[in-house]
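All remarks here apply to the structure that follows.
Letters go in sequence order (proteins before strands), and every chain restarts at 1.
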Amino acid sequence: MKSFVNVNPKSLDEAVAVLDRARAQGKKAALAGGGSDLLGMLKDHLVQPDLVVNLKSISGLEGVHREGERVRIGALTTLDEIARHPLLVERYAALAQAAGLAASPQIRNVGTLGGNVNQRPWCHYFRQGFPCFKNGGKMCYAVAGENQFHALFGGGPAFIVHPSDTAPALVALEAEFKVMGPSGAKIIPAEKYFILPREDVLRENVLGENEILAEVILPAAPSGLRSTYLKIRDRQAWDHAIVSIGAALEWEGGRCRKARLVLGGVAPIPWRVPNAERLLEGKSLGEALARQVAEAALAGAQPLAKNGYKVPLAKATVRRAVLSLLPAA
Amino acid sequence: MASEMRSIGKPTPRIDARERVTGQARYTGDVQLPGMLYARVLRSPYPHARIVRIDVSKAKAMPGVHAILTKENCRIQWSSGDSRNKRLLFNDPVRFVGDAVAAVAASDRHTAEEALQQIVMEYEELPFVLDMEQALAPGAPEIHPGGNLSPNNEGERAPETDQRGDVERGFAEADQVFEDVYISKHHNNAQMEPRVSVAQWEGSRLTVWASTQGISNCRRDLAKDLGLPLNQVRVICQYMGGGFGNKNQCHDFDLMASALAKETGRPVKLEFTRAEDFVAVHGRWPTKQYYKVGVKKDGSLTAIRMKAYSGMGPYRKGSGGVAGAQLYRCPNVKTEVYPVYTNMAVSANYRAPSYPQGVFGIESLMDHIAHTLGINPLDFRLKNMTEKYHDEVPYSSYGLRDCVTRGAEALGWRQKWHPPASDRGAQKQGVGMAMGYFGAGLGMSSAVLKLNPDGSLQVHVAVTDIGTAAKTTMGLLGAEAMEIPFERVSVLSGDTDRAPYSVGESGSRTTNYTGYAVVTAAEDLKRQLRELAAQSWSVAADAVQYSQGAVYMQDRPDRRTAIAEILKGNPDGLIAQATTDPKLKGVSRNSFAAHFVELEVDTETGDIRILKYVAAHDSGRILNPLTAGSQVKGGVAQGVSMALREELLYDQMTGIPLNPGYYGARIVTHGDVPDVEVIFVETADPYGPYGAKSVGEPPIVPSVAAIANAVFNATGIRIKELPITRSKILDAAPGVRLEGGRA
Ligand SMILES: Cc1cc2nc3c(=O)[nH]c(=O)nc-3n(C[C@H](O)[C@H](O)[C@H](O)COP(=O)(O)OP(=O)(O)OC[C@H]3O[C@@H](n4cnc5c(N)ncnc54)[C@H](O)[C@@H]3O)c2cc1C
């Protein structure tokens with residue numbers, strides 16, 4: 001890896017100032033949370049920063065905190081803590097499950113929520129250093145290549161899928177992201193945080209070079225909320241989602257009041273399927289409706305040569321996820 | 001053979017288990033020497049290219065950089081890297097993505113790596129070919145002069161052929177003829193310890209700490225390629241972290257470390273990254289197998305023909321064999337194998353090199369034939385399984401039939417087997433089986449035994465123990481032969497200066513080769529003891545008997561004299577040496593196996609869950625059930641991975657491998673591996689020590705086919721191309737019955 005300077009800021013403001021200064025000087029800076037992904041990328045020369053800003057030197061960025069009916073989760077909270085936290089397990093099951101299904105136990109012990117939602121794509125071409133769009137090049141090699149793990153929706157010009165397990169869960173739970181920048185803090189709904197390659201092919205989210213994700217805020221869990229995260233993976237550990245879904249349904253008197261269905265592994269961003277959500281709203285759920293919902297969720301999918309199997313796979317995933325959320329009789 | 005075993009057959013923990021699990025074991029990567037430099041290798045980014053220009057001046061000028069080797073200043077041949085062509089450490093043209101072009105030694109790893117970035121390489125790209133059949137087509141890019149069909153053992157450009165009877169006559173006699181194609185992929189040995197080598201020169205004497213499966217052969221090759229007398233080379237490997245066949249002989253990293261150490265006058269450590277390990281060394285050869293099989297209505301076989309292609313990558317490091325047809329009784333058989341050069345990663349030995357892919361082909365096809373003829377696959381095997389080699393030569397010992405019947409019983413085959421795709425609904429259960437065999441070799445190795453005056457025994461053997469518990473086995477054999485407790489035995493191994501020649505842990509041979517020498521040397525020790533006693537008692541030697549650490553007069557078994565007594569006044573104890581090379585007489589020698597799998601396929605998600613796994617093995621007498629059982633479980637884990645997951649993916653446009661490494665190649669984890677019920681069908685083989693045959697490699701052999709056949713039985717989907725991925729199941733699933741069938 002290329003040599004770099006490690007910076008240990010004591011506060012978020014200081015960290016932002018470091019980023020801002022680096023930008024002004026034309027230097028590249030990288031943020032390190034747990035470092036579980038960043039270090040590998042440094043060694044593979046995928047990122048070659050002049051400085052690494054170590055967020056772990058900032059206190060107060062970790063932990064799950066109740067604030068009234070809302071919950072604040074610091075960006076440095078480990079995936080393992082999120083997976084086990086009783087409040088999250090009980091009220092925001094989709095997030096706890098997603099965190100618990102990510103990567104491997106070792107990575108969950110050091111990997112942070114901030115690092116998880118901001119991780120770069122795991123497309124083989126990107127990770128092997130191909131001069132692809134995501135590496136600053138001029139083509140997406142997956143289009144005519146090995147695209148079995150690539151996008152069904154929202155592709156172009158790059159066809160990566162968003163790799164984060166927690167992201168679809170956070171969008172489904174209507175989380176908000178608190179971002180710190182030179183002009184202070186701003187709040188961005190999770191759904192608006194992630195962007196398609198056609199907006200900016202070099203990034204997966206709106207975060208600027210001098211901004212830091214500081215916190216994730218979960219809104220009050222309404223009564224009747226049930227949520228889940230269902231992940232299809234090839235191995236029982238240490239595998240990104242082939243297809244996944246973060247699903248949150250609110251029930252009232254046996255009917256679905258509100259539905260949020262967000263697919264993972266099928267698009268360059270967590271992929272919300274409003275048409276499928278609408279089918280559920282106001283209805284009581286049975287096998288037939290679940291099938292309709294699944295069909296609607298995958299309507300308009302545009303498979304590439306080798307990822308057509310993801311369409312029936314995602315349908316089964318959607319159907320099973322919503323059926324698993326039937327309200328207790 | 002002693003009728004009552006003392007050490008053999010008892011579950012014995014590894015002799016070095018404590019050192020290994022407490023971190024005291026010093027592996028090659030742990031070796032640190034004063035003044036040691038670190039090396040890194042620069043590799044070709046192109047699958048086929050001529051080198052136009054190399055400029056190392058900027059790299060060389062970097063502080064901390066001590067030496068740089070390229071084809072311009074290093075012409076060392078790596079002779080075990082290619083049995084047909086002259087392969088150098090640094091080749092031009094480069095022939096695969098990952099071919100080495102330069103090696104740097106620097107004061108630390110990072111400097112060495114940064115120096116690699118500063119080396120200027122200019123290439124002229126050449127056309128390349130990845131596919132085996134395309135490589136043989138007219139007009140394909142020539143990877144070596146003379147074409148892409150690698151010469152056979154006679155040096156001819158012709159396939160390796162094995163033939164008996166007349167297949168055309170066999171097809172004419174058949175009631176039905178089946179034709180099919182099966183495909184297996186390249187995948188990596190994926191051993192835990194990456195490649196690493198530390199080399200140090202003291203004057204003209206070279207010491208290499210290697211991570212090797214065979215220190216003796218590693219020394220032989222190093223001496224040959226570096227032009228050194230054998231006594232000037234010492235190879236040490238005390239603890240080894242696995243290889244599964246890709247650390248036989250010496251490797252380019254051993255030679256590079258040695259050459260850099262010579263150039264710099266300092267010790268040099270060269271360690272590969274995991275990704276380098278996956279693309280730059282070797283994995284299992286991919287195959288494409290064309291079959292034609294003739295059968296009678298009653299299910300008896302009239303002819304088997306196989307024509308197979310094996311992708312060797314650009315260098316001929318392995319045989320390219322495709323084994324399997326021998327499992328069946330059949331009067332007319334012809335197999336032809338074409339080892340082909342391609343610009344993919346190099347292929348060579350990986351646990352049972354020729355077997356699991358060939359057995360996947362033949363055992364899938366036989367399963368298909370049984371199904372088509374309406375014969376239960378178990379009965380089809382019982383009817384047609386081999387009982388003699390080539391239906392002619394008896395086996396030295398034979399337990400295949402018992403493996404099949406006992407395995408079937410343990411799984412509950414007769415209760416569980418049903419016509420394919422019988423389950424209603426999306427989750428479908430099924431059972432599958434496959435047979436396997438593995439050539440159990442005999443050959444030359446040596447051992448030196450030292451019996452100390454206190455009666456303790458030292459076994460000097462050049463084994464390295466790649467995870468097979470070879471050290472433990474050598475100790476057990478010494479203990480058994482001397483009839484003394486295992487605790488009285490120590491094993492000194494892993495150093496060519498301390499032990500005589502041993503074949504190395506490859507070919508599942510150590511117990512049979514080196515173990516035989518240990519037992520033979522022990523016989524000599526006992527003879528010496530009897531003679532010493534006879535001398536001091538002034539009797540004829542044959543009047544003295546030995547048992548359990550003591551000698552006695554034949555007619556006075558109650559008056560025993562312990563070894564320590566006999567050796568009193570003999571400070572050095574006794575030394576015995578044996579070099580053995582047993583030969584087979586009129587028999588063929590194989591280990592056998594049959595695996596049985598019950599699994600569930602979710603036809604909506606493509607998930608495959610193994611519910612029960614039974615592995616029945618005839619490996620002769622089992623010397624240590626604990627470690628032999630571990631071999632079986634490990635082999636099954638690799639079989640599951642090969643069947644369901646692994647494939648080195650290539651970008652077809654650029655010829656670059658996409659998923660090297662544990663993560664990308666999706667090698668199974670503990671969570672993916674089923675519990676394995678191991679059954680040993682113990683036959684007493686007359687050739688192996690105490691009746692043992694080979695156990696290390698056979699467990700991967702039937703595994704892949706058994707899983708594929710169970711997937712067929714569950715779903716009615718016959719996957720003919722490995723791995724059996726979710727996408728293949730789901731692409732075929734729309735045709736699968738969801739209604740009807742059994743409840
Ligand atoms: C082998 C492997 C398998 C994996 N499998 C999965 C999986 O199945 N599912 C899954 O979801 N993830 C998976 N991951 C990703 C894993 O979850 C992440 O590595 C981990 O969550 C990242 O956390 P970290 O704190 O270590 O991030 P780091 O490595 O420190 O950072 C990761 C990225 O996020 C950026 N970043 C970190 N913190 C912040 C912040 N506060 N604000 C803005 N940017 C930030 C960094 O700059 C970097 O680009 C896998 C990773 C590996 C290495």
Could you tell me whether B:Arg195 and B:Glu276 make a salt bridge, using a distance below 4.0 angstrom between a side-chain N and a carboxylate O?
no
Using a strict cut-off of less than 4.0 Å between a Lys/Arg side-chain nitrogen and an Asp/Glu carboxylate oxygen, indicate whether A:Arg291 and A:Glu287 qualify as a salt bridge.
yes
Under 4.5 Å from any heavy atom of chain A - which part of B:Tyr662
both
Heavy atoms, side chains only, cut-off 4.5 Å: are A:Asn307 and A:Phe149 in contact?
no
Could you tell me which portion of B:Pro45 (side chain, backbone, both or neither) has an atom closer than 4.5 angstrom to a non-hydrogen atom of chain A?
neither
Name the member of A:Ile232, A:Asp44, A:Asp239 that forms the most heavy-atom pairs with chain B at distances under 4.5 Å.
A:Asp239
Could you check whether A:Asp234 pairs with B:Arg726 (Lys NZ or Arg NE/NH1/NH2 to Asp/Glu carboxylate O, under 4.0 Å)?
yes
Is chain A contacted by the side chain of B:Leu658, its backbone, both, or neither, given a heavy-atom distance below 4.5 Å?
both
In short, B:Ser184 meets B:Leu722 closest at the heavy-atom pair CB-CD1, 3.9 Å
For residues A:Phe153 and A:Ala299, report the shortest heavy-atom separation together with the two atoms involved.
CE2-O, 3.6 Å
B:Glu721 bridged to B:Lys185 by N-O distance under 4.0 Å:
yes
Within the structure provided, determine whether B:Phe96 and B:Phe128 are in side-chain contact (heavy-atom separation under 4.5 Å).
no
Counting heavy-atom pairs under 4.5 angstrom with chain A, the leader among B:Val668, B:Thr725, B:Ile656 is B:Ile656
Checking A:Thr317 against chain B: side chain, backbone, both or neither under 4.5 Å from a heavy atom?
neither
By a 4.5 Å heavy-atom criterion (distance strictly below it), what part of A:Phe126 contacts chain B: side chain, backbone, both, or neither?
neither
Heavy-atom pairs under 4.5 Å with chain A, option from B:Asp672, B:Leu730, B:Ile608, B:Ile729 with the top count
B:Asp672
Count the heavy-atom pairs under 4.5 Å between each of B:Met653, B:His110, B:Gln117 and chain A, then report the option with the highest count.
B:Gln117
Structural part of A:Lys43 lying under 4.5 Å from a heavy atom of chain B:
backbone
With only heavy atoms counted, which part of B:Arg666 is less than 4.5 Å from chain A, the side chain, the backbone, both or neither?
both
Greatest number of non-hydrogen atom pairs under 4.5 angstrom with chain B, of A:Arg233, A:Lys2, A:His240, A:Gln148, falls to A:His240
